[in-house]
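Quick caveat: nothing in here was measured; it's all calculated off a predicted structure.
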Amino acid sequence: MRVLMTGGAGFIGSHIVAELIGRGHDPVVFDLAEDGRDVRDPGAVREALAGVEAVCHQAAKVGLGKDFGDAPGYVSANDLGTAVLLAQMAEAGVRDLLLAGSMVVYGEGRYECPAHAVVRPGPREEADLAAGRFEPRCPHCGADLAPGLVAEDAPMDPRNVYATTKLAQEHLAASWARATGGRVISLRYHNVYGPGMPRDTPYAGVAALFRSSLARGEAPRVFEDGGQRRDFVHVRDVAGANVVALEALAQQTPPGFTAYNVGSGDPRTVGDMARALAAACAGPDPVVTGEYRLGDVRHITADSARLRRELGWRPAVPFTAGMAEPAAGAQSRTPEVTELVRRPNTGRNPVGTP
């Protein structure tokens, strides 16, 4: 299968390219950072779609951003870019799309109150965070809540600009599927980590920031009390989920839009992750600072049962072993992938199948 990979030179995209090659598929890399081709450019997208059977759309501006002044950049890169891509796919007759979704569309995770069953707490108040009261409370009675796993049917509640653009991408893709008879799978990634994580940027994930601190000989600084629950899923497992989903699309998945959570099924705290990285790097113990960021959610962990049940995907990288890889400085790309991302779509893939 010939697959256009937007963002194919990036952290997750390059691992998907390697997985596609390994399973006999033919990826065509389209990446602004690598070769200057922008998904917002209709002409460049039109050219890249030549001979393509499916699109794996990973290109995006990621992270929380610095302030609301970043909003136009996020909307342009994520939503305008997706709209241009979909319009060109419609014109080219390409009807299969795999979209990089995100857990951030849910906002806070799933919570249960002893008296009110499943509830959805609102954004945490700054006064509570400043006082060290980090756990959300029941919005009805103020009781302590028990966090649980979020399934795909949870209400959408994006709480920052990036999250809003990721939900808008899904809505655009669903509208495109209805208008064209296309097939869309959105994989809602949870906390992806592994070799090739971005370093020292305002948009890097917390695992990358901790690793960068350890590389400088500094202790990781853990916000709040370190008890935030997340689902840390290895990038190779995420790449495998993408290829499984692309193959499902090719096997005549019914037209329409389907979302799947992609998580390890092994929830850990941010403190757990900081300690695992520090141990793997033989670095200083993490420091719990009590600092906080408005807009961060407290707990968000995945229920990935639907992806396992319907597509047969299973994560393979255990938490401790996976956390040791970035510390060891493992490379994110094979030589074949490095060669591929340097070459535009010329009708033949020099390292994949003809």
Extract all donor-acceptor atom pairs below 3.5 Å that involve side chains of residues 84-91 and protein atoms in other chains or at least two apart in sequence.
unit_1	atom_1	unit_2	atom_2	d
Gln88	OE1	Arg46	NE	3.2

> Among Asn261, Leu311, Thr258, which residue meets the side chain to side chain contact (heavy atoms under 4.5 Å, CB included) test with Arg306?
Replying inline: Thr258
>> Given Cys113, which partner from the list Pro121, Pro139, Cys138 fulfils the side chain to side chain contact (heavy atoms under 4.5 Å, CB included) test?
In response: Cys138
> Step by step, would you call Leu98 with Val3 a side-chain contact (heavy atoms from CB on, under 4.5 Å)?
Replying inline: CA-CA 10 Å; Leu98 191 289; Val3 180; over 6 Å; no
Could you tell me the separation between the [atom1] atom of [X] and the [atom2] atom of [Y], rounded to the nearest 0.5 Å?
| X | Y | atom1 | atom2 | answer |
| --- | --- | --- | --- | --- |
| Arg110 | Arg120 | CZ | CZ | 10.5 Å |
| Leu187 | Met103 | CG | CE | 15.0 Å |
| Arg159 | Thr164 | CZ | OG1 | 11.5 Å |
| Thr82 | Gln169 | OG1 | CD | 3.5 Å |
| Ser186 | His57 | OG | NE2 | 10.5 Å |
| Trp176 | Arg183 | CH2 | CZ | 8.5 Å |

Work out which heavy atom in [X] is nearest to a heavy atom in [Y]; give both atom names and the distance.
| X | Y | result |
| --- | --- | --- |
| Ala44 | Phe30 | O-CE1, 3.5 Å |
| Ser264 | Arg308 | O-NH2, 3.2 Å |
| Gly109 | Val150 | CA-CG2, 3.5 Å |
| Val29 | Ala9 | CG1-N, 4.0 Å |
| Phe134 | Asp225 | CE1-N, 3.7 Å |
| Leu214 | Gly283 | CD2-CA, 4.0 Å |

Establish whether [X] and [Y] are linked, either directly or via other cluster members, by ILVMFWY side-chain heavy-atom contacts under 4.5 Å.
| X | Y | result |
| --- | --- | --- |
| Phe68 | Tyr162 | yes |
| Ile21 | Val238 | yes |
| Tyr260 | Leu99 | no |

>> Under the rule for salt bridge (Lys or Arg N to Asp or Glu O under 4.0 Å), what residues qualify as partners of Arg221, not counting sequence neighbours?
In response: Glu291
>> Applying ring pair (Phe, Tyr, Trp, His ring centres under 6.0 Å) to Tyr193 and His234, what does each step give before you reach the verdict?
In response: CA-CA 5 Å; Tyr193 73 96; His234 196 277; 5.3 Å; yes
Between the side chains of [X] and [Y], does any donor sit under 3.5 Å from an acceptor?
| X | Y | result |
| --- | --- | --- |
| Tyr292 | Arg124 | no |
| Gln58 | Asn242 | yes |
| Thr301 | Asp231 | no |
| Asp272 | Thr269 | yes |

> So, are Arg137 and Glu135 salt-bridged, with charged N and O less than 4.0 Å apart?
Replying inline: no
Quick check: do [X] and [Y] have side-chain heavy atoms less than 4.5 Å from each other?
| X | Y | result |
| --- | --- | --- |
| Arg188 | Lys166 | no |
| Arg37 | Glu47 | no |
| Val184 | Arg178 | no |
| Glu53 | Asp96 | no |

>> Are there over 12 heavy-atom neighbours, none belonging to Glu125, within less than 6.0 Å of that residue's CD?
In response: no
> Does Tyr111 sit in a hydrophobic cluster with other residues, and if so which ones, taking ILVMFWY side chains as linked at heavy-atom separations under 4.5 Å, directly or through other members?
Replying inline: Val119, Leu145
